[in-house]
Protein chains: 2
Amino acid sequence: MARTTIHDIAKELHTTAATVSRALNDHPSISAATKETVKATALRLNYQHNRAASSLRSGKTYVIGVLIPSAEVSFFGSVIHGIEKIAKSQGYNVLLFQTNEQYEDEVQGVQTLLQSNVDGIIASISKETIQYDHFLEVKRRDIPLILFDRSLEGLDVPSVMINDYKGAFMATEHLIEQGFTRIAHISGPQHISIFHERLKGYVDALAAHGMKIDGDLIMYGKVTIDSGRTCAEQLLQLPSPPDAIFAAEDFTALGALQAIKESKWPKPGQIGLVGFANEAFSAYITPSLTTIDQQTALMGEEAAKIFMDLSQKGKKPDLPPQKIVLEPLLVQRESSIKRKPKKKSIP
Amino acid sequence: MARTTIHDIAKELHTTAATVSRALNDHPSISAATKETVKATALRLNYQHNRAASSLRSGKTYVIGVLIPSAEVSFFGSVIHGIEKIAKSQGYNVLLFQTNEQYEDEVQGVQTLLQSNVDGIIASISKETIQYDHFLEVKRRDIPLILFDRSLEGLDVPSVMINDYKGAFMATEHLIEQGFTRIAHISGPQHISIFHERLKGYVDALAAHGMKIDGDLIMYGKVTIDSGRTCAEQLLQLPSPPDAIFAAEDFTALGALQAIKESKWPKPGQIGLVGFANEAFSAYITPSLTTIDQQTALMGEEAAKIFMDLSQKGKKPDLPPQKIVLEPLLVQRESSIKRKPKKKSIP
DNA sequence: CTGAAAGCGCTTACAG
DNA sequence: CTGAAAGCGCTTACAG
């Protein structure tokens with residue numbers, strides 16, 4: 001019933017716990033023969049390494065704390081997936097803490113993870129968070145801290161972001177290449193940097209292709225289905241309406257699609273539409289939505305890899321924190337296909 | 001730099017670590033005055049409780065191991081959300097391990113969680129798993145094990161499931177109440193119990209309403225979009241086609257919807273459609289899909305609550321393991337609306 | 001290549 | 001109500 005310890009193994013082999021410990025950890029100064037018998041005996045006695053004891057002594061827990069707003073949001077589920085995958089491959093485990101997008105919970109989360117002696121923390125800050133005092137204790141303890149997707153001004157730590165500017169540029173350019181000539185953009189609140197970046201990408205793509213920027217074609221929405229619908233309705237009622245819409249985000253695009261479907265003109269297929277995020281529904285709506293994929297699982301993997309780097313190097317000469325910027329991916333579907341105008345019988 | 005320990009606090013207050021430990025843990029035999037000064041000093045010295053040390057001594061880690069196929073699947077993300085929420089409220093944390101639906105990984109996961117001395121394990125077994133030897137060690141160590149969604153024949157442990165039979169019954173009854181009279185069912189592989197249960201619910205609902213069961217109207221699909229499409233195509237080509245379809249799962253329903261849209265008759269809206277699972281896309285397709293919600297977050301919460309019960313009671317007189325069966329929820333949307341036939345001008 | 005010994009930071013019966 | 005002491009199961013400098 002009682003758990004087997006290294007002492008039990010030592011007793012069995014008439015040796016000491018020190019030797020058993022070294023053998024199990026493949027310490028270089030232990031003979032191959034000893035290692036073999038020790039490991040065989042460990043297996044026979046159904047020995048399980050006790051991590052609590054090990055980490056109390058060594059100071060390492062092989063646990064990465066992951067602090068996210070909510071595991072229920074598919075974006076974060078995907079990132080966790082990537083983190084855990086890499087972590088596991090290096091002998092680490094993932095301890096999860098959800099902040100529910102609340103500052104108070106985030107503060108408590110950092111505390112909890114520190115009490116658990118995590119070897120590092122990978123976090124995406126809550127929407128409420130505007131100051132970072134709670135993260136300073138993490139830095140003070142020299143525990144690697146890596147942020148993903150959402151960063152915090154002033155907190156100088158490694159991070160993994162997606163290139164929003166480029167994603168928007170690609171989305172817009174794709175519509176241009178499809179042959180659309182009046183491309184509108186439904187953006188989001190400009191104080192949120194990702195939406196500002198996406199707007200810039202849109203503007204620059206138009207400019208790069210010698211197209212005029214028309215203020216009438218740029219709407220500022222609220223990142224919801226309803227807002228996307230309202231913005232699109234207004235766009236369609238312009239004296240000179242757009243022939244394509246790039247929405248800053250998939251739910252906005254979905255709303256825009258609803259507006260298009262409800263309008264007399266254009267019909268879906270006569271107006272190009274691109275979203276951003278590659279949400280779970282994007283592939284299945286009608287028409288399926290062309291969008292920008294954010295490589296969410298890869299984001300987690302990269303964050304975990306930065307952690308591995310940091311914890312292996314230990315205290316390297318203070319390099320500036322690594323900032324990884326992931327390439328967005330254009331996912332081409334039906335909503336951005338430009339229908340060739342039917343040949344009119346012109347003599 | 002070095003972390004504050006209870007010894008530091010003790011030295012500061014000219015008392016002992018034992019007293020400090022007791023004070024911090026609100027031990028009943030410590031005076032209120034002592035508790036107060038100890039806690040104040042702990043705060044002042046920025047003391048952080050060291051869980052590794054605590055659990056090495058006490059045997060409790062306040063960690064629940066969660067073993068799931070993949071955090072990337074939204075169903076599991078939701079369940080984790082529910083588990084972590086309850087866990088946190090009781091001072092527990094969640095250690096995550098993904099099995100990637102593979103037996104080998106699941107075995108390794110159980111090992112890892114045991115090495116981490118988790119106080120309990122909440123798991124959904126991988127699709128590959130057909131035997132449960134790896135879980136026996138968990139039982140042998142008297143660590144609470146709770147399964148959710150997917151159970152394993154013969155492993156007699158507490159579990160949280162959803163009432164698939166009832167969900168299917170509700171879905172079918174809903175179509176009947178809408179006025180549909182020839183209701184087809186696209187099921188899944190019958191060796192998977194959830195699909196078998198859903199088929200039974202369908203059959204019994206028809207019977208309960210005095211409707212005939214027509215073998216032609218029951219298809220056995222493969223739980224994919226394509227399979228749903230193919231099955232629906234065949235149903236629509238019957239000499240006497242159905243006027244409604246209950247699909248055993250949302251992706252199947254989505255495929256069926258595609259088939260309906262591509263057929264000349266019926267148009268969407270002329271044929272009722274209900275799915276099962278309330279996937280992320282279900283609300284956003286056209287028409288929006290009526291479906292059965294599985295209360296995923298609640299499933300996690302209930303599993304966590306069972307754990308709390310088990311770990312508080314300790315070794316109660318051996319009651320049979322608790323089996324919770326959650327009520328499915330009908331989510332009524334557009335796809336099941338029965339259009340009133342337009343009044344023909346009959347003299 | 002192996003052993004003896006100390007100690008990581010707590011908790012907890014035992015005494016008083 | 002508080003203290004002295006042992007010990008949870010490991011790891012690791014130090015010695016040989």
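Only this structure's heavy atoms are used, side chains among them; waters, hydrogens and symmetry mates stay out. Chain A is the first sequence line, chain B the second, and so forth, proteins listed ahead of strands; every chain is numbered from 1.
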Determine whether the side chains of E137(A) and N46(B) contain a donor N or O and an acceptor N or O closer than 3.5 Å. yes
Whole-Å gap separating [atom2] ([N]) and [atom1] ([X]):
X      : N      : atom1 : atom2 : value
L13(A) : dT2(C) : CG    : C1'   : 13 Å
N50(A) : dC8(D) : CG    : P     : 11 Å
K11(A) : dG3(C) : NZ    : C1'   : 17 Å
H49(B) : dG9(C) : NE2   : P     : 13 Å

Look at the side chain of T15(B) and decide which nucleotide, out of dA5(C), dC10(C), dT2(D), has an atom nearest to it. dT2(D)
Can you name the one residue among Q102(A), R150(A), E106(A) that meets side-chain hydrogen bond (donor to acceptor under 3.5 Å, both in side chains) with T129(A)?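 Answer after filtering Q102(A), R150(A), E106(A): E106(A).
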Backbone of V157(B) reached by a side-chain donor or acceptor of K323(B) within 3.5 Å: yes
Looking at every strand, decide which applies to H7(B) at a 4.0 Å heavy-atom threshold: base, sugar-phosphate, or nothing.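 H7(B): base contact, heavy atoms under 4.0 Å.
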Do E128(B) and T99(B) come close enough that some side-chain heavy atom pair is under 4.5 Å? no
Would you mind listing every salt bridge (Lys or Arg N to Asp or Glu O under 4.0 Å) that reaches into residues 44-53 of chain B, with sequence neighbours excluded? E12(B)-R44(B)
Those residues of residues 113-121 of chain B lying under 4.0 Å from DNA chain C by at least one heavy atom: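 Output list: empty, so none.
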Can you list, in residue-number order, the parts of residues 51-62 of chain A that come under 4.0 Å of DNA chain C, counting heavy atoms only?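 DNA chain C contact set from residues 51-62 of chain A: L56(A), R57(A).
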If you look only at pairs with a residue in residues 81-116 of chain A, which of them pass as a ring-ring contact (aromatic ring centres under 6.0 Å, His included), with sequence neighbours excluded?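 For residues 81-116 of chain A: Y62(A)-Y92(A), Y92(A)-F307(A), Y103(A)-H134(A).
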Using the side chain to side chain contact (heavy atoms under 4.5 Å, CB included) rule, pick out the option among L147(A), L145(A), D309(A), I306(A) that qualifies with P158(A).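 Going through the options one by one, the only one that passes is I306(A).
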Where along residues 20-36 of chain B does a heavy atom come under 4.0 Å from DNA chain D, residue by residue in number order? R22(B), S29(B), I30(B), S31(B), T34(B)
If a stem is a run of at least 3 consecutive Watson-Crick or G-U pairs, both distances under 3.5 Å, which stems include DNA chain D?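 The stems are C:1-3 with D:14-16, C:5-12 with D:5-12, C:14-16 with D:1-3.
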